[in-house]
Amino acid sequence: VIFRWWKISLRNEFRESRPGEIKESQEDFLDDSSLHIQIAVVFGAKVLEHVLNLCRGNYDFLERLPVPLLLYIISFLELEDIARLSQVSRRFEMISNSNALWENIVANLRDTITPEMKELAQEMGWKQFFFTNRLQLQLQLRRRRQRQDAQNKTLT
């Protein structure tokens with residue numbers, strides 16, 4: 001672990017100060033509580049926790065993947081697995097309940113999605129759209145058409 005710092009100041013006494021550096025092995029760093037405090041003060045507790053986890057070998061690669069890639073991967077999981085994944089962390093809960101994920105899942109499972117179905121899904125949410133049975137969807141689409149027809153008649 002290498003910790004480097006620079007003093008930035010308008011004071012004359014610090015004008016000639018050089019950058020500082022501390023190098024420690026991962027094992028020594030894990031035992032150096034004073035350096036932990038300095039890192040927490042400068043960078044925050046989350047960064048300190050991340051660095052400590054790296055030194056311990058506890059690095060969660062899945063947690064660090066970009067959201068679009070996670071959405072793609074998760075969209076191929078079984079529903080039970082998505083439900084379990086949503087309980088892992090806040091990040092996975094948000095992704096597991098996101099409209100983007102459920103839109104991908106619906107697109108993978110449905111043969112055709114009409115523009116009308118897409119509008120309905122955007123209104124009600126893609127997850128709700130996915131879990132609504134076909135008869136209920138047909139009823140909601142029919143009601144939606146009737147409302148649009150009624151609006152069109154009042155406009156003309």
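Please read these numbers as outputs of a predicted model, since none were measured by experiment.
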Are there over 12 heavy-atom neighbours, none belonging to E78, within less than 6.0 Å of that residue's CD?
no
Tell me the closest heavy-atom pair linking S17 and K7, and the distance in Å.
OG-CB, 3.8 Å
Do the side chains of F3 and E24 get nearer than 4.5 Å, heavy atoms only?
no
When hydrophobic residues are tied together by side-chain contacts of less than 4.5 Å, even through go-betweens, does I39 share a cluster with V42?
yes
Heavy-atom side-chain contact between I74 and I105 under 4.5 Å
no
With side chains defined as the heavy atoms from C-beta onward, is the minimum distance between K118 and W126 less than 4.5 Å?
yes
Rounded to the nearest 0.5 Å, what separates atom CD in Q87 from atom CD in E93?
9.0 Å
Using modelled atom types only, decide if a donor and an acceptor are shared between the side chain of H36 and the backbone of F29 within a distance under 3.5 Å.
yes
Is any side-chain heavy atom of I22 less than 4.5 Å from a side-chain heavy atom of I2?
no
Starting at CD1 of I82, measure out to CD1 of I95 and round the result to the nearest 0.5 Å.
12.0 Å
NZ/NE/NH1/NH2 to OD/OE distance under 4.0 Å, K23 and E21:
yes
Check whether any side-chain heavy atom of E119 sits under 4.5 Å from a side-chain heavy atom of M124, and report yes or no.
no
Membership question, hydrophobic clusters at under 4.5 Å side-chain separation (ILVMFWY): are I73 and F61 in the same one?
no
Below 4.5 Å, heavy atoms only, C-beta onward: do W5 and Q38 meet side chain to side chain?
no
Give, for atom CD of Q140 and atom CD of Q128, the distance between the pair rounded to the nearest 0.5 Å.
8.0 Å
Between L70 and L65, which heavy-atom pair has the shortest distance, and what is it?
CD1-O, 3.6 Å
L135, L139: one ILVMFWY side-chain cluster at the under-4.5 Å cut-off?
no
Between atom CG of N99 and atom CG of L71, what is the distance when rounded to the nearest 0.5 Å?
11.0 Å
If hydrophobic clusters are built by linking Ile, Leu, Val, Met, Phe, Trp and Tyr wherever their side-chain heavy atoms come under 4.5 Å apart, do L69 and L85 end up in the same one?
yes
Honestly curious: do L52 and Y59 fall in one hydrophobic cluster under the side-chain, below-4.5 Å linking rule?
no
A side-chain contact here means heavy atoms from C-beta on lying under 4.5 Å apart; do M117 and L120 qualify?
no
Any chance you could measure F76, atom CZ, to D81, atom CG, to the nearest 0.5 Å?
14.5 Å
Hey, is OH on Y72 packed in by over 12 heavy atoms from elsewhere, all under 6.0 Å?
no
So E103 and V106, side chain to side chain contact (heavy atoms under 4.5 Å, CB included) or not? Walk me through it.
CA-CA 5 Å; E103 184 177 1; V106 169; 5.9 Å; no
Are any of the side-chain heavy atoms of L62 and F92 separated by less than 4.5 Å?
yes
Distance (rounded to the nearest 0.5 Å) between Q148 CD and Q146 CD
11.0 Å
Is the backbone of D28 close enough, under 3.5 Å, to the side chain of D32 for a donor and an acceptor to pair up by distance?
no
Expected output: side-chain W102 to main-chain S96 donor-acceptor under 3.5 Å
yes
side-chain hydrogen bond (donor to acceptor under 3.5 Å, both in side chains) for N97 and K127? Distances and angles first, verdict last.
CA-CA 7 Å; N97 291 314; K127 185 176 181 181; 2.5 Å; yes
